[in-house]
Amino acid sequence: MAETAAKKAKKEKIPRQAMPEQEPKVRARNFEEVPTGQSAEAAMQEAARCLQCKKPACVAGCPVEINIPAFIQQVKDGDFTAAITTIWETNALPAVCGRVCPQELQCEGVCIVGKKGDPVAIGNLERFVADYERKHREAKPPEKSEPTGKKVAVVGSGPSGLTVAGDLVLKGHEVTIFEAFHKPGGVLVYGIPEFRLPKEIVFSEVAGLEKLGAKLECNAVVGRSVTIEELFEEGYDAVFIGVGAGLPRFLNVPGENLIGVFSANEYLTRSNLMKAYLFPEYDTPVIQGKNVVTLGAGNVAMDSARTALRLGADTSRIVYRRSRDEVPARGAEVHHAEEEGVDFHFLTAPTKFFGDEKGRITGMEGLKMELGEPDASGRRRPIPIEGSEFELECDLVIIAVGANANPLLTQSTEGLKLNKWGYIVADEATGKTSKKAVWAGGDIVTGSATVILAMGAGRDAANSIHDYLTWGW
Amino acid sequence: MFKIIRREEMAEGTVILNEIEAPLIAKKARPGQFVILKANETGERIPLTMAETDPEKGTITIIYMVVGKSTALFRDLKVDDGYQDVIGPLGKATHLEKVGKVICVGGGTGVAVLHPITRALKEIGNDVTCIIGARTKDLLILEEQMKAASNDLRICTDDGSYGHHGFVTQVMQEVLDQGGVKLVVAIGPVPMMKAVSNITKGYDVELQVSLNPIMIDGTGMCGGCRVTVGGKTKFACVDGPEFDGHKVNFDELMLRLGSYLDDEKESHDHYCRVRGE
């Protein structure tokens with residue numbers, strides 16, 4: 001008894017190891033990654049804080065159920081190669097998840113250590129292990145089962161598609177990933193900025209999948225270049241649809257088509273995928289506003305507002321119609337944005353945009369809001385305050401208020417049941433759609449959500465596809 | 001890589017034709033659809049409506065005017081060189097229907113886009129009068145092909161060096177005045193399409209135009225290509241590229257096409273410096 005207490009006291013003495021970061025003023029002007037990564041010593045120190053719970057809440061809190069205590073023990077023992085092997089058992093993209101998962105709502109949110117202090121930094125440890133392996137290449141790739149002779153088409157190379165491909169290729173199936181863009185990764189590449197997720201990491205994870213035997217076809221717009229029916233005619237036995245939400249929402253207020261009003265999708269795609277921040281070395285330009293307004297307060301809005309600073313903005317404002325309590329972005333993202341100088345304007349909503357004779361935006365008009373009763377989303381509904389109009393000068397507006405379902409693929413596929421918003425109806429546990437041998441997962445089923453939830457859906461679908469290919473529908 | 005197997009220069013070298021190996025696109029493409037091309041790793045994604053497709057040979061043909069950095073980069077690709085990326089077919093195909101008397105109006109490289117549509121309209125039994133124009137005789141493209149594709153070809157030049165001395169709209173109005181025209185298809189520079197629209201609004205005809213706004217992905221994902229049609233915002237990439245020419249807000253389209261004029265100049269100058277020009 002005395003010994004356990006002493007052990008516990010010792011553990012409590014180790015504070016949560018901070019992740020080193022670039023200085024806010026410096027990083028707000030470059031595209032390099034904000035957190036710079038931990039040393040092996042710091043990682044081992046952090047791992048020593050884990051209580052190795054018998055019934056680990058963290059595992060249950062993880063959408064792909066990584067064996068968290070096991071890999072943390074391996075980090076504590078300094079066996080980083082064993083740790084990556086443990087993570088790989090259930091997660092093909094740890095370098096990505098360690099960076100972009102909302103850990104505070106998942107594994108770390110339920111960590112027992114966190115009840116009386118800071119939780120174990122599980123995300124940072126996952127990232128450390130993945131980065132260590134990428135640098136040292138010591139681990140053996142997971143074992144592949146005997147070839148089954150079955151062919152699977154994965155439509156979309158975002159987080160859900162990559163997870164399905166990774167799981168099924170290990171189970172011995174022949175997997176081809178179809179990507180509409182010229183580069184794989186989906187939102188990981190076009191949406192999430194370099195300073196939060198270096199693209200080299202995504203490409204390295206995809207290269208790993210290719211090494212395992214997954215085939216990748218870029219520039220393939222399923223629904224246009226080839227239809228789902230044609231994939232079956234070509235001999236595919238099963239199809240997974242993970243195309244993302246991908247149709248930007250606009251606000252339908254006057255002046256929205258002025259030059260300098262972007263969807264976040266366009267703004268971020270120009271900057272991230274097309275590398276407009278390296279213009280003119282790269283050919284794609286993007287408008288570099290001096291006074292930038294981003295509408296919305298999700299992770300995509302934070303990415304946009306922070307990108308604007310890095311592209312040279314003097315002011316970068318977030319305009320959000322609800323209050324700070326309703327902000328949907330991760331706490332860490334809001335914190336980083338504020339540190340870098342992004343201004344938050346809560347309880348404000350745009351009513352119109354103004355332009356000059358060249359059709360370029362020069363400002364916007366907004367209204368102050370107050371919060372009323374909760375709406376369908378459970379959040380308190382913003383209500384305009386009469387006579388509270390105000391004007392804001394700006395030369396760039398980024399609309400980051402979410403996405404709708406892109407109909408390009410769903411409209412070209414017969415027998416695929418959609419809900420009233422155009423998202424694909426899929427079984428929650430398996431991802432099975434109303435069409436035989438077709439599964440779906442990620443944002444095209446749930447609407448805009450997170451990388452890890454899409455990966456969880458991919459994991460479930462992969463298991464169900466494997467069952468189908470083994471036993472039948 | 002998508003290999004170039006044929007390359008021609010037209011209109012005194014200002015317009016280039018590339019026939020490109022792209023068997024999957026060639027098999028699928030129908031008149032009116034477009035592709036997105038990217039020359040190399042650092043290149044821009046450029047949408048161009050296809051001028052020709054040959055499913056048997058497995059090739060598509062694009063015809064474009066050299067106007068900036070990206071098209072200059074395309075121009076510098078030789079036979080056996082290739083585009084790093086070609087994506088398509090994208091957009092909706094032209095709605096083809098037998099309606100009777102049709103006028104097809106083309107200007108600049110719009111003539112290249114108009115060609116397969118004209119041919120298809122004639123093939124299904126329409127009586128097609130085609131009117132194409134250029135600033136001067138030497139800048140005119142595809143005269144022979146357009147002659148073969150239509151029942152009657154009229155040519156206009158701004159300087160009177162060939163055919164009718166004046167604009168395509170003047171000849172179009174003459175044909176409209178003869179009566180019986182049901183449909184006008186106009187593809188060319190935005191000011192031309194706007195001028196056509198202003199005239200056809202006065203007649204009982206439908207007007208179909210094909211738009212080529214700035215876009216990135218071509219699949220409805222970025223919304224950069226939005227155009228106002230009948231007071232509503234449409235995405236040219238998935239709702240178009242063809243629209244009812246009487247409802248398009250051409251002034252807005254023209255402004256939006258100028259979004260990056262300064263950047264385009266900077267990019268082109270940068271390219272010329274790199275090439276030592």
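Labels below follow one simple rule: chain letters A, B, ... track the order of the sequence lines, proteins then strands, and each chain is numbered from 1.
- Other residues, nucleotides and ligands contribute only 12 or fewer heavy atoms inside 6.0 Å of the NZ atom of B:K27.
- Taking A:V286, A:L273, A:L268 one by one and counting their heavy-atom pairs under 4.5 Å with chain B, the maximum is reached by A:V286.
- Contact of B:L90 with chain A is made through backbone and side chain together, with heavy-atom distances under 4.5 Å.
- Considering only heavy atoms from C-beta on, B:M215 stays 4.5 Å or farther from A:E266 through its side chain.
- Residues B:S259 and A:R360 approach most closely at O-NH2, 3.0 Å, considering heavy atoms.
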Original post:
Step by step, would you call B:T233 with A:F250 a side chain to side chain contact (heavy atoms under 4.5 Å, CB included)?
Top reply: CA-CA 10 Å; B:T233 294; A:F250 286 91; 5.7 Å; no
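- Side-chain polar atoms of B:D217 and A:T269 form no donor-acceptor pair below 3.5 angstrom.
- Of all the listed residues (A:S225, A:G244, A:A245), the one sharing the greatest number of non-hydrogen pairs under 4.5 Å with chain B is A:S225.
- Remark: B:F235 CZ to A:N406 CG distance equals 9.0 Å, nearest 0.5 Å.
- Heavy-atom neighbours of B:K232 NZ from other residues, nucleotides or ligands within 6.0 Å: at or below the threshold of 12.
- With a 4.5 Å cut-off on non-hydrogen atoms, A:Y190 touches chain B through its side chain but not through its backbone.
- Taking all atoms of both residues into account, the shortest heavy-atom contact from B:R226 to A:V261 is NH2-O, 2.9 Å.
- With rounding to the nearest 0.5 angstrom, the CG atom of B:N40 is 9.5 Å from the OH atom of A:Y282.
- Neither the backbone nor the side chain of B:I36 comes within contact range of chain A; no heavy atom of the residue lies under 4.5 Å from a heavy atom of that chain.
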**OP:** Run the numbers on B:R45 and A:M274 for side chain to side chain contact (heavy atoms under 4.5 Å, CB included), then give the verdict.
**Re:** CA-CA 9 Å; B:R45 291 167 65 98; A:M274 304 310 295; 3.7 Å; yes
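- Options B:M254, B:Q33, B:E252, B:E264 differ in how many heavy-atom pairs under 4.5 Å they form with chain A, and the most are formed by B:E252.
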Original post:
Taking it one step at a time, do B:L24 and A:V226 satisfy side chain to side chain contact (heavy atoms under 4.5 Å, CB included)?
Top reply: CA-CA 8 Å; B:L24 296 176; A:V226 63; over 6 Å; no
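- If you measure heavy-atom distances from A:E357 to chain B, the contacts under 4.5 Å come from the backbone alone.
- Of the two parts of B:I46, neither the backbone nor the side chain holds a non-hydrogen atom closer than 4.5 Å to a non-hydrogen atom of chain A.
- Between A:R270 and B:E44 no salt bridge is recorded (no basic side-chain N to carboxylate O distance below 4.0 Å).
- In this structure a side-chain-to-backbone donor-acceptor pair under 3.5 Å is missing from A:R224 to B:G88.
- Shown here is B:R30, whose CZ atom has no more than 12 heavy atoms of other residues, nucleotides or ligands within 6.0 Å.
- The closest side-chain heavy-atom distance from A:N257 to B:N249 is not below 4.5 Å.
- Taking chain B as the reference chain and counting heavy-atom pairs below 4.5 Å, the highest number among A:C218, A:P285, A:A180 is found for A:P285.
- The environment of NZ in A:K199 is crowded: more than 12 heavy-atom neighbours from other residues, nucleotides or ligands sit within 6.0 Å.
- Counting heavy atoms of neighbouring residues, nucleotides and ligands inside a 6.0 Å radius, atom CD of B:Q84 exceeds 12 of them.
- Electrostatic pairing of B:E41 and A:K183 counts as a salt bridge here, judged by a charged N lying under 4.0 Å from a carboxylate O.
- The choice from A:G359, A:P248, A:G260 that makes the most heavy-atom pairs within less than 4.5 Å of chain B is A:P248.
- Put simply, the side chain of A:N265 gets close to the backbone of B:M221: a donor and an acceptor are under 3.5 Å apart.
- Under a 3.5 Å cut-off, the side chain of A:S263 and the backbone N or O of B:C222 do form a donor-acceptor pair.
- Taking both residues in full, the closest heavy atoms of B:G220 and A:L247 are given as O-CD1, 3.1 Å, listed atom of the first, atom of the second, then distance.
- B:R256 and A:L258 make their closest contact through NH1-O, 3.6 Å (heavy atoms, listed as atom of the first residue, atom of the second, distance).
- When the candidates A:L278, A:L408, A:I259 are compared by the number of heavy-atom contacts under 4.5 Å with chain B, A:I259 comes out ahead.
- In this structure the side chain of B:F2 reaches within 4.5 angstrom of the side chain of A:N219, judged on heavy atoms.
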